2 protein chains.
Amino acid sequence: MDSNRQSDLTRQRVLEAGFKEIHRHGFQAASVCDILADTGLTKGALYHHFPSKKELGLAVIDEMIGAGLRERFIRPLRDSERPAQALVELIGNKQEQSEEYIQLGCPLNNLMQEMSPVDEDFRNRLNRLLNQWQSAFEDALRRAQVAGEVREDVDCHAAALFIVSAWEGCTGIAKNMQSVESFRACMSQLQVYVVGLLKH
Amino acid sequence: MDSNRQSDLTRQRVLEAGFKEIHRHGFQAASVCDILADTGLTKGALYHHFPSKKELGLAVIDEMIGAGLRERFIRPLRDSERPAQALVELIGNKQEQSEEYIQLGCPLNNLMQEMSPVDEDFRNRLNRLLNQWQSAFEDALRRAQVAGEVREDVDCHAAALFIVSAWEGCTGIAKNMQSVESFRACMSQLQVYVVGLLKH
DNA sequence: CCGATTACATACCGATCGGTATGTGGTGTC
DNA sequence: GACACCACATACCGATCGGTATGTAATCGG
């Protein structure tokens with residue numbers, strides 16, 4: 001029972017170390033030795049909890065990236081009673097975007113760009129998260145539309161897809177420019193787009 | 001003299017093969033053996049024309065990706081006498097986006113997401129292309145602004161940055177979804193944004 | 001208290017990587 | 001026509017990769 005908790009804890013340590021390494025170097029360039037280097041664990045631990053490097057990567061997507069996505073985007077939007085306002089604020093939330101996040105980029109977008117054409121399993125897992133994210137925006141827009149805050153002629157599905165795309169695009173460009181200012185300028189333009197969806 | 005042309009031709013063959021392989025697997029995962037496999041050439045040829053795999057990658061950026069960028073975006077916008085219309089048409093140009101381009105993504109964006117945090121030299125070269133692209137949009141917007149087609153309160157610099165970002169975001173998302181329809185829906189929303197910059 | 005199983009650590013494997021040293025046929029030069 | 005050099009081809013190298021076989025201490029059920 002207690003050993004079970006200890007086991008789960010080391011599994012979590014591997015997951016977190018894997019997430020960091022993959023976030024920094026991408027999945028293919030991530031070395032399992034480097035992943036384990038900082039943890040004090042060895043390959044025996046990793047391959048006891050995960051059958052392969054690929055399965056570790058998929059677990060990182062589901063458990064680490066997925067959890068962050070739900071916590072930062074999906075839950076706040078779902079719990080908000082003013083979805084339109086929450087959406088605009090979410091886009092304009094400046095301090096949310098840390099220096100490291102700008103430098104290394106969005107982990108979801110990084111993996112999508114790297115693994116999507118290479119591995120079907122990765123693509124499917126990443127696509128699931130993508131759809132969840134898009135649905136969160138879409139639901140918020142639709143609720144706002146029902147509340148009369150969003151214009152009736154707005155295609156909420158397409159708009160949500162575009163917001164996700166533009167968001168990832170902005171983080172990706174900011175990563176290459178290594179410029180927080182560019183990121184904010186870019187996100188402000190996304191805000192302009194979203195405000196354009198509102199009435200008046 | 002004739003041998004010189006033969007030499008340049010093989011160099012070009014290596015460049016093209018390198019571009020394809022990098023476009024498909026990314027730079028780090030691209031194997032020099034695989035690059036040469038289809039060409040009938042060997043490592044001797046590659047390392048005669050390029051001192052390292054990295055220099056080949058940088059040359060691919062400058063000569064292949066840069067050339068494509070100038071041909072497809074920069075020149076058409078610069079040569080157009082109706083920049084605002086040209087910009088909107090460029091975004092709405094459907095058949096331009098081939099199936100393969102959707103599947104493998106934008107080569108510029110792919111390399112940015114992969115190499116930007118890993119290698120400073122790559123980041124700088126990619127940033128140069130990014131700035132050229134952004135400047136092309138910015139100049140077009142500014143010219144349209146002078147012509148009275150774009151609103152005076154529009155920040156052309158930020159708008160151009162956002163267009164580039166959203167463009168790359170749309171291609172990236174479409175790559176993961178493997179859906180031409182999603183890409184078109186997404187680009188249509190970008191068109192909505194650009195039209196919003198125009199008067200009326 | 002005692003086997004059995006879990007949860008790792010250690011040592012090692014073949015494969016593949018980028019890169020190099022050397023060989024060689026053709027080409028230009030004088 | 002001898003010689004230098006260019007433009008590759010061939011064979012090989014150490015390093016690193018993901019993965020595995022084995023050993024072992026800790027923990028579990030009975």
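The model shown is predicted, which means the values in this text are computed figures rather than measured ones.
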Measure from NZ or CZ of [X] to the centre of the six-membered ring of [Y], then state whether that distance is under 6.0 Å and the direction lies within 45° of the axis.
{"X": "A:R78", "Y": "A:F137", "value": "no"}
{"X": "B:R184", "Y": "A:F162", "value": "no"}
{"X": "A:K53", "Y": "A:Y47", "value": "no"}

Take the protein atom [atom1] of [X] and the nucleotide atom [atom2] of [N], then report the distance between them rounded to whole Å.
{"X": "A:E21", "N": "D:dT16", "atom1": "CD", "atom2": "P", "value": "15 Å"}
{"X": "B:E55", "N": "C:dG18", "atom1": "CD", "atom2": "P", "value": "15 Å"}
{"X": "A:L36", "N": "D:dG18", "atom1": "CG", "atom2": "C1'", "value": "12 Å"}
{"X": "A:Q6", "N": "C:dT5", "atom1": "CD", "atom2": "P", "value": "22 Å"}
{"X": "B:L46", "N": "C:dG18", "atom1": "CG", "atom2": "P", "value": "10 Å"}
{"X": "A:Y47", "N": "C:dC12", "atom1": "OH", "atom2": "C1'", "value": "14 Å"}
{"X": "A:H48", "N": "D:dA25", "atom1": "NE2", "atom2": "C1'", "value": "14 Å"}
{"X": "A:D34", "N": "D:dT16", "atom1": "CG", "atom2": "C1'", "value": "10 Å"}

Of the listed nucleotides [options], the one nearest the side chain of [X]:
{"X": "B:L41", "options": "D:dA9, C:dG18, C:dC17", "answer": "D:dA9"}
{"X": "A:S52", "options": "D:dG19, C:dT20, D:dC17", "answer": "D:dG19"}
{"X": "A:K43", "options": "C:dG19, C:dA11, D:dA9", "answer": "C:dA11"}
{"X": "B:A45", "options": "D:dC8, D:dG18, C:dA9", "answer": "D:dC8"}

Would you tell me if any nitrogen or oxygen in the side chain of [X] comes within less than 4.0 Å of OP1 or OP2 on [N]?
{"X": "B:T42", "N": "D:dT10", "value": "no"}
{"X": "B:S31", "N": "C:dC17", "value": "yes"}
{"X": "A:H49", "N": "C:dA7", "value": "no"}

Positive for side-chain hydrogen bond (donor to acceptor under 3.5 Å, both in side chains) with B:R11, one of B:E63, B:H49, B:H48, B:E16: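 Only match with B:R11 under side-chain hydrogen bond (donor to acceptor under 3.5 Å, both in side chains): B:E63.
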*Tell whether A:K53 reaches the base of D:dG19 with its side chain through a donor-acceptor pair below 3.5 angstrom.*
no
- What nucleic acid atoms does B:A30 come within less than 4.0 Å of, heavy atoms only: base, sugar-phosphate, or nothing? sugar-phosphate
Examine A:F73 together with A:W167 and report whether their ring centres are nearer than 6.0 Å.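 They qualify: ring centres under 6.0 Å apart.
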